[in-house]
Amino acid sequence: TESAKPFMRWMHGTCLECKPIVVHADEDPYVFNYYELDIMNNPNIVKLNITLNFALSDAFKKLEKYVDSWKRYDQGQGLWDPKRKQRLEKLAERNVPCVMLDSKLQQFEVLATLVQNQCATKDIDFLFVDASMVSRSIAAKAQEWKIEYGNVLHQNSKAMLHEMAD
């Protein structure tokens, strides 16, 4: 509604813009415009403005909830946790059971499949959200971790095989 401020009023019965009036010498001149006289005082426009602000707020709350639904993959799984690689290297040194590594392989495979099968686009009121790049990134990162855990499993199995051969 404030976009109506630059539109000056016309003088009564003419197409001439009202001239700014100097009320006090130390203040800016007063400009007659549509905003103060017509728009700001119109109850329908005020009501519409309140309704619009509520609708915008509601839409952005829904958008935030949708974005948070994608963040849970990183928060719950720690896909981009920089310390995860260090913890994996420590696991490799400890020669952990194959069952544990296999469960991690399965966990990341299920995660990648789940994310790839999830609908990555959504209409939220007047917004269309496309999270397909997020979905692909999560699936790719899960596959990376699956490969990393697979490498540790391979190294541990190889070491166990050499021990058995000796």
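- Atom CE of M160 is surrounded by 12 or fewer heavy atoms from other residues, nucleotides or ligands within 6.0 Å.
- Taking CG of N156 as the start and CG of L91 as the end, the distance is 9.0 Å to the nearest 0.5 Å.
- Residue pairs meeting the salt bridge (charged side-chain N to carboxylate O under 4.0 Å, His left out) criterion with at least one member in residues 83-96, sequence neighbours excluded, are D81-R87, K85-E148.
- Between L88 and W145, some side-chain heavy-atom pair lies under the 4.5 Å cut-off.
- I147 CD1 to F108 CZ: the interatomic distance, rounded to the nearest 0.5 Å, is 12.0 Å.
- By the neighbour-count criterion of 12 heavy atoms within 6.0 Å, atom CH2 of W80 is densely surrounded, having more than that number from other residues, nucleotides or ligands.
- Alongside V31, the hydrophobic cluster contains M8 (criterion: ILVMFWY side chains under 4.5 Å).
- For the residue pair Y66 and A131, the shortest heavy atom distance occurs at OH-CB, 4.0 Å.
- Placement of V110 and L101 in two distinct hydrophobic clusters is found when ILVMFWY residues are connected by side-chain heavy-atom separations under 4.5 Å, directly or transitively.
- Among pairs with a residue in residues 107-122, those fulfilling salt bridge (charged side-chain N to carboxylate O under 4.0 Å, His left out) read E109-K146, at least two apart in sequence or across chains.
- Inter-residue side-chain proximity for C98 and L153 is flagged as met; some heavy-atom pair is nearer than 4.5 Å.
- The line from CG of L111 to CD of Q106 is 11.5 Å long, rounded to the nearest 0.5 Å.
- Rounding to the nearest 0.5 Å places CG of L48 at 9.5 Å from CG of N53.
- Residues F126 and V67 share a hydrophobic cluster, clusters being chains of Ile/Leu/Val/Met/Phe/Trp/Tyr side chains in contact below 4.5 Å.
- The stretch residues 57-67 participates, sequence neighbours left out, in these salt bridge (charged side-chain N to carboxylate O under 4.0 Å, His left out) pairs: D58-K62, K62-D125.
- Atom-to-atom distance recorded for N44:CG and N49:CG is 12.5 Å, nearest 0.5 angstrom.
- V46 and M40 are members of different hydrophobic clusters when ILVMFWY side chains are connected at heavy-atom separations under 4.5 Å.
- Sorted by first and then second residue, the salt bridge (charged side-chain N to carboxylate O under 4.0 Å, His left out) pairs with a member in residues 6-17 read R9-D38; sequence neighbours excluded.
- The two residues W70 and C119 make their nearest non-hydrogen contact at CZ2-O, 4.0 Å.
- Both L114 and L79 are members of a single hydrophobic cluster when ILVMFWY side chains are connected at heavy-atom separations under 4.5 Å.
- Contacts of E144 classified as side-chain contact (heavy atoms from CB on, under 4.5 Å), with partners at least two apart in sequence or in another chain: K141.
- When atom types are taken as modelled, the side chain of S135 and the backbone of V115 share a donor-acceptor pair closer than 3.5 angstrom.
- In this structure, CD1 in I45 is found 5.0 Å from CD1 in I39, a value given to the nearest 0.5 Å.
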